[in-house]
Amino acid sequence: MHFISRDRAIQWQVRAFILVFLIEATVCQIRYSVPEEMRKGSFVGNVAEDLGIDAKRLKSGGARIVSSDSSEYIRLDVDKGTLVVGERIDREQLCGQTSPCSLNFEMIMTNPMQLHSVVVEVLDVNDNAPVFHEKEMHVEILESALSGTEILQVSATDTDVGINALHGYTLHPTTHFNIKVLSSPNGHKYAQLYLSGALDREKEEKLILTLTAVDGGDPQRSGTLKIHVTVRDTNDNAPVFTQSVFKASVKENVPKGTLVARVSATDADEGMNGLVTYHFNRMSSNVAELFHLDENSGDLTVNGVIDYEENKIYEIGVQAKDQGGQSTSTNVIIEVSDVNDNAPLITLTSFSSAIAEDSPSGTTVAIINVKDLDSGKNGKVDCSVNGNIPFAIHSSLKNYYTLVTNGVLDRERNPEYNITFTAVDEGSPPLSTNKTITLRISDVNDNAPVFEQSFYEADIMENNSPGLSVFSVKAHDSDSGQNARVSYLLIDTELNGNPISTYISVNAESGIIQAVKSFDYEQIKTINVFVKGQDGGSPPLSSNTTIKLNIRDQNDNPPQGRC
Ligand SMILES: *[C@@H]1O[C@H](CO)[C@@H](O)[C@H](O)[C@H]1NC(C)=O
Ligand SMILES: *[C@@H]1O[C@H](CO)[C@@H](O)[C@H](O)[C@H]1NC(C)=O
């Protein structure tokens, strides 16, 4: 398509040309259009035909093209009388965004001088895609940002014009972000990227968005921009313990520093917001002294003496804190297990320090209580008594034992017993305790006095003085105290019709036998004395002895006659 019109600017140029050469000339203007980027030699227009000039005239007139910038975009084919593309025409290089884009030149001939103004409009071809200034961009946004927050504005440029120019933008994906396509005052379209949903760094920390700019050409061309979105953390997560409750057990008496439990919490946030430290929570001070909690590792260690007998279970509140001010609490339950660290304890609940030797078998001597502070087998106690003694131990009630006699007692043989109780627990190794009591056997009058001899014989000179001690007897009683205190009594007999007591007396205390009067051999030659030894028991026991006293003759009578 071509058309002819007047162009004032060209006219003035032409006039200037004419004035310089002072030549009268025909001035016509002719107009063509050609798409940019046509191959060299491509047909632009048939000037000879369009100007009604014979092809021979072109030749004879030496027709040529004169342009102010001496470019060679368009050449004249003098033989054919046509204008053709002389070199590659890039509309964008030539005119930029100016539209329309025209090449203005003159075709000049001599003999006679003729001047024709030619305008070739270069038509745009969609040979440029929209281009972003950068291929990639990095942006950061807080995860707490509100929906609707603007992230950035960005635009692409498309050097083509008209319908081939930038047409619009699309975004992919649009799960969290979207765009608004806006126009600047000079009509340039740009994209405003905004947050269209909620972000969660803990779920998605990095997103890649592709912003595509498209033009309106056919085929359509496009350019893309990759937007790397980094979601920045906010402290929107509290620490979470890995267990709802921590359970542990520890033996009592373990050394300081023994690890009891390790608490652990995670925090989905990052940096300081996710840095967790551990602290004791609502705890009595004595428990705080018994355990140590490492702030960073969560290691709970022993820091004092753990005594099962004092406390069998500890419940410790532990708090996990992040450095952004969020915290969570949990409990650590520590069961203390028993170690056999307590020996049994023996307590004498009731005890008679002495029992009578005639006590029947089964008589209760003592009641003892046995305790062990440990638990389980460590606290299970068995109690026994030592050796070969006539005593036995029975368990009546739990933890109570009764010591009873189980044989014959005889004070005269065993006046006291040292009885040793042994209480042994079932721990491993077992612990035991001994307790010794001394039991006295009290006397019962079960022994009669025994005379050293059951029969005595002694001599006594006649004419003794009255009151003379003539003999003594002795009886022993193996009982004790009153039961062993022997009194001597003269058993009543007669001698020559007189009571024996008129001849002889016995000292009740000492057993000394005295003559009551002077004896005369010529009247009494022998005196038989019966003495009873009696103890002080109740009832008393006694035994007898016999003493035969022989009266010895003295020459106390003159001869009756001489033979
Ligand atoms: C009992 O123990 C005491 C004190 O150790 C001791 O003097 C006494 O002889 C002991 N008695 C017996 C019968 O072993
Ligand atoms: C001691 O002598 C008295 C009087 O003769 C007699 O009754 C008694 O049975 C005797 N006792 C003993 C133990 O011999």
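Sequential numbering from 1 along the given sequence is applied to the chain's residues. Since we're looking at a predicted model, the values are computed, not measured.
Looking only at side-chain heavy atoms (C-beta outward), Ile316 and Leu293 stay at 4.5 Å or farther from each other. Here the side chains of Ile333 and Ile313 are in contact, with some heavy-atom distance below 4.5 Å. You'll find the side chain of Asp200 reaches within 4.5 Å of the side chain of Glu143, heavy atoms only. Within the 4.5 Å cutoff, the side chain of Asp372 has no heavy atoms near those of the Lys380 side chain.
With sequence neighbours left out, the ring-ring contact (aromatic ring centres under 6.0 Å, His included) criterion links Phe471 to Tyr456. For Glu522, there are no side chain to side chain donor-acceptor pair (under 3.5 Å) partners, not counting sequence neighbours. Taking His133 as the reference, nothing meets the ring-ring contact (aromatic ring centres under 6.0 Å, His included) condition, with sequence neighbours excluded. With sequence neighbours excluded, no residue forms a ring-ring contact (aromatic ring centres under 6.0 Å, His included) with Tyr308. For Asp459, the salt bridge (charged side-chain N to carboxylate O under 4.0 Å, His left out) criterion is met by Arg552, not counting sequence neighbours. Not counting sequence neighbours, the partners of Gln153 by the side chain to side chain donor-acceptor pair (under 3.5 Å) test are Glu150. Under the rule for a ring-ring contact (aromatic ring centres under 6.0 Å, His included), Tyr521 has no partner lying at least two apart in sequence or in another chain. Every side chain to side chain donor-acceptor pair (under 3.5 Å) that Glu136 has, sequence neighbours left out, goes to His228.
Under the 3.5 Å distance criterion, with hydrogens and angles disregarded, no donor-acceptor pair is assigned to the side chains of Thr170 and His172. Between the side chains of Asn434 and Thr422, at least one donor N or O sits under 3.5 Å from an acceptor N or O. In this model, a donor atom of one side chain and an acceptor atom of the other lie less than 3.5 Å apart for Asn237 and Asp269. A donor-acceptor pair shorter than 3.5 Å cannot be found between the side chains of Asn406 and Ser361. Side-chain N/O atoms of Gln514 and Asn507 include no donor and acceptor closer than 3.5 Å.
In terms of heavy-atom proximity, Ile551 sits nearest to Thr526 at CG1-N, 4.4 Å.
Two rings, from Phe291 and Tyr314, have their centers less than 6.0 Å apart.
Exactly one of Val529, Val531, Ile547, Thr493 qualifies for a side chain to side chain contact (heavy atoms under 4.5 Å, CB included) with Ile504. That residue is Val529.
Evaluation of the salt bridge (charged side-chain N to carboxylate O under 4.0 Å, His left out) test over residues 390-412, restricted to residues two or more places apart or in two chains, returns Asp410-Arg413, Arg411-Asp443. The stretch residues 337-359 participates, sequence neighbours left out, in these side-chain hydrogen bond (donor to acceptor under 3.5 Å, both in side chains) pairs: Asn253-Asp341, Glu309-Asn342, Asp338-Asn378, Asn340-Asp425, Asn342-Asp374. Residues in residues 228-246 take part in these salt bridge (charged side-chain N to carboxylate O under 4.0 Å, His left out) pairs, two or more places apart or across chains: Glu140-Arg232, Arg201-Asp233, Arg232-Glu270. Applying the salt bridge (charged side-chain N to carboxylate O under 4.0 Å, His left out) test to residues at least two apart or on different chains, the pairs with a partner in residues 502-517 are Arg485-Glu509.
Aromatic ring pairs are classed by plane angle as parallel below 30°, tilted from 30° to 60° and perpendicular above 60°; the pair Tyr417 and Phe391 is perpendicular. Ring orientation note: the planes of Phe246 and Phe241 are nearly perpendicular, at an angle over 60° on the 30°/60° scale.
The number of heavy atoms from other shown groups lying within 6.0 Å of CZ (Phe351) is above 12.
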